[in-house]
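The sequence lines fix the lettering, A, B, ..., with proteins before strands; numbering per chain opens at 1.
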Protein chains: 2
Amino acid sequence: MAQPTADTGRRALDVAERLVQTRGFNGFSYADIAEALGVTKASLHYHFPSKADLGQRLIERYEAGFVETLAGIDRAQQNAAQKLRRYAKIYADVLRANRMCLCGMLASDYATLPKPMRERVRHFFDENERWLVRVLDEGRKAGQLAFKGAPIDLARMIVASLEGAMMLARSYGEPPRFDAAAERVIAELEARKSV
Amino acid sequence: MAQPTADTGRRALDVAERLVQTRGFNGFSYADIAEALGVTKASLHYHFPSKADLGQRLIERYEAGFVETLAGIDRAQQNAAQKLRRYAKIYADVLRANRMCLCGMLASDYATLPKPMRERVRHFFDENERWLVRVLDEGRKAGQLAFKGAPIDLARMIVASLEGAMMLARSYGEPPRFDAAAERVIAELEARKSV
DNA sequence: GTCTATAGGTGGATAGAC
DNA sequence: GTCTATCCACCTATAGAC
């Protein structure tokens, strides 16, 4: 095992991503990744000199994939409420893969994170808010959504609710708890036909 | 320092509570507590043989204090919306003390917790839901609150939203982010005067 | 109830051979 | 790019003296 030309870097990120999403940044070690890949800890340090380096790369890759997924939603969906449900479904799918949001976990670990990681965590949430603000704004203007106040406040509330609902649903081992909370948040925004 | 008769157990819980609320269960050690109190690690093991014991005691004490605070709200407030705002203010005050909810942090650490701690974390949230369900139910019957569906679903959504909003607000170092999210959740439930 | 001393393990990280 | 070997700091936990 452990071919010299294997893309250990990428595979290490895959394993580390899962570990952070389940156990948090302080809940795993190089030894865990090394064992999963059948390589030594020293090999991992070649690809990621410090754990802080590993963490930064993790967030960058995760955000890139997330942003791409959001772009996919934009391409496929017309209705703003549908877009929001697709957004919530990203979280639901992660939860059913027995994982948490990578950056939700890192937000919990925030006080123990190296500074470069902190900035990248915030950037991830900034991107989420930016996408949501646009969807909310367009949805309201199109008469598909109805809500009071600034889209940014609502966007932040949506992110917070989904992140929190995910954490709670996992603690109970009941993914439907997440679905119920997400649906409550989104349904509240849909323009009533009777108005 | 370290008088023989000092209530080291209680003071250790105080320090450990703060550490868990800021750094998580895997983000502190007996050494951190020992240093803060001016005692040795061995002394702490006399009071809490294992870290799991310490964790259990932490949750039990935290829940007891929380339940007592909720009882205080019941004694003082009449209006259901006011009670909910007082409930949210518990979180807001914790956040402004540069802490997270103890059990919100432990929910993030859930996969790494010893089983007895897991059960107690869930029990804490059960108690929160129980109190919220009663307030929501009474408030709707009294015409002070307006919402559709089962109170339990709404209660769970409220807990999730506040826990999530707390995490996000801390990451940005902006407590008002929590206030805005909490107000959005509660205002949505208030019975409109115009209906 | 607190101490010294220590056990036995794991953490992140590095040097240098291959 | 991966290995062996190793460092040193830190972890939880225990034994036994005071």
Could you check how far [atom1] of [X] sits from [atom2] of [N], rounded to whole Å?
{"X": "A:Y30", "N": "C:dT10", "atom1": "OH", "atom2": "P", "value": "19 Å"}
{"X": "A:R10", "N": "D:dG1", "atom1": "CZ", "atom2": "P", "value": "14 Å"}
{"X": "B:L44", "N": "D:dT14", "atom1": "CG", "atom2": "P", "value": "14 Å"}
{"X": "A:K41", "N": "D:dA5", "atom1": "NZ", "atom2": "C1'", "value": "11 Å"}
{"X": "A:H47", "N": "C:dT14", "atom1": "NE2", "atom2": "P", "value": "16 Å"}
{"X": "A:M117", "N": "C:dG12", "atom1": "CE", "atom2": "P", "value": "13 Å"}
{"X": "A:I33", "N": "C:dT10", "atom1": "CD1", "atom2": "P", "value": "17 Å"}
{"X": "B:F28", "N": "D:dC10", "atom1": "CZ", "atom2": "P", "value": "17 Å"}

**Report entry** Result of checking B:L58, B:I33, B:D14 against B:L19 for side chain to side chain contact (heavy atoms under 4.5 Å, CB included)
**Finding:**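 By the side chain to side chain contact (heavy atoms under 4.5 Å, CB included) criterion, B:L19 pairs with just one of B:L58, B:I33, B:D14: B:I33.
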Query raised in the report: Listed by chain and number, what are the side chain to side chain donor-acceptor pair (under 3.5 Å) partners of B:T112, not counting sequence neighbours?
Result: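 Partners of B:T112 by the side chain to side chain donor-acceptor pair (under 3.5 Å) criterion, ordered by chain and then number, come out as B:N26.
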Report task. Can you sort out the partners of B:R177 under side chain to side chain donor-acceptor pair (under 3.5 Å), two or more places apart, ordered by chain and number? Result ->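 For B:R177, the residues satisfying side chain to side chain donor-acceptor pair (under 3.5 Å) (neighbours in sequence not counted) are A:E129, B:E174.
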For a quick test of reading the model: is some side-chain N or O of [X] closer than 4.0 Å to OP1 or OP2 of [N]?
{"X": "B:T8", "N": "C:dT2", "result": "yes"}
{"X": "B:S43", "N": "C:dG1", "result": "no"}
{"X": "B:T40", "N": "C:dC3", "result": "yes"}

Side chain of [X] (C-beta onward), nearest among [options]:
{"X": "A:Y46", "options": "D:dG1, D:dT12, D:dC3", "value": "D:dG1"}
{"X": "B:V39", "options": "C:dC3, D:dC3, D:dA13", "value": "C:dC3"}
{"X": "A:A31", "options": "D:dC11, C:dG11, D:dG1", "value": "C:dG11"}
{"X": "A:H45", "options": "D:dT12, C:dG12, C:dT2", "value": "C:dG12"}

Query raised in the report: Looking at residues 48-59 of chain A, who's got a heavy atom less than 4.0 Å off DNA chain C?
Result: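 Of all residues in residues 48-59 of chain A, the ones placing a heavy atom under 4.0 Å from DNA chain C are A:P49, A:S50, A:K51.
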All N/O donor-acceptor pairs, side-chain side in residues 63-73 of chain A, below 3.5 Å, sequence neighbours left out:
from: A:E63; atom 1: OE1; to: A:H123; atom 2: ND1; distance (Å): 2.8
from: A:E63; atom 1: OE1; to: A:F124; atom 2: N; distance (Å): 3.4
from: A:E63; atom 1: OE2; to: A:H123; atom 2: ND1; distance (Å): 2.9
from: A:E68; atom 1: OE2; to: A:R75; atom 2: NH2; distance (Å): 2.8
from: A:T69; atom 1: OG1; to: A:G65; atom 2: O; distance (Å): 2.9

Query raised in the report: Using a cut-off of 4.0 Å on non-hydrogen atoms, how would the nucleic acid contact of A:S29 be classed: base, sugar-phosphate, or nothing?
Result: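 The residue A:S29 makes sugar-phosphate contact but no base contact.
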Requested in this report: Could you tell me whether B:E138 and B:K141 make a salt bridge, using a distance below 4.0 angstrom between a side-chain N and a carboxylate O?
Outcome: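 No, B:E138 and B:K141 are not salt-bridged.
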Query raised in the report: Charged N to carboxylate O below 4.0 Å: is that the case for A:D109 and B:R23?
Result: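 Salt bridge: no.
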Query raised in the report: Side chain of A:Y87, backbone of A:L132: donor and acceptor closer than 3.5 Å?
Result: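 The answer is no, because no donor-acceptor pair under 3.5 Å joins these two groups.
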Requested in this report: Could you please spell out the steps behind the side chain to side chain contact (heavy atoms under 4.5 Å, CB included) verdict for A:F48 and A:K51?
Outcome: CA-CA 7 Å; A:F48 311 99; A:K51 203 178 177 184; over 6 Å; no
Requested in this report: Validate the cation-pi geometry between A:R170 and B:Y110: distance from NZ or CZ to the six-membered ring centre under 6.0 Å, angle to the ring axis within 45°.
Outcome: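 No.
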Distances under 3.5 Å between protein N/O atoms and the N/O atoms of nucleotides 16-18 of chain C, please, pair by pair.
none

Could you give the side-chain donor-acceptor pairs of residues 184-191 of chain A under 3.5 Å, partners two or more places apart or in another chain?
from: A:R184; atom 1: NH1; to: B:K148; atom 2: O; distance (Å): 3.3
from: A:R184; atom 1: NH2; to: B:K148; atom 2: O; distance (Å): 2.5
from: A:E188; atom 1: OE2; to: A:R192; atom 2: NH2; distance (Å): 3.1
from: A:E190; atom 1: OE1; to: A:R85; atom 2: NH2; distance (Å): 3.0
from: A:E190; atom 1: OE2; to: A:R85; atom 2: NH1; distance (Å): 3.4

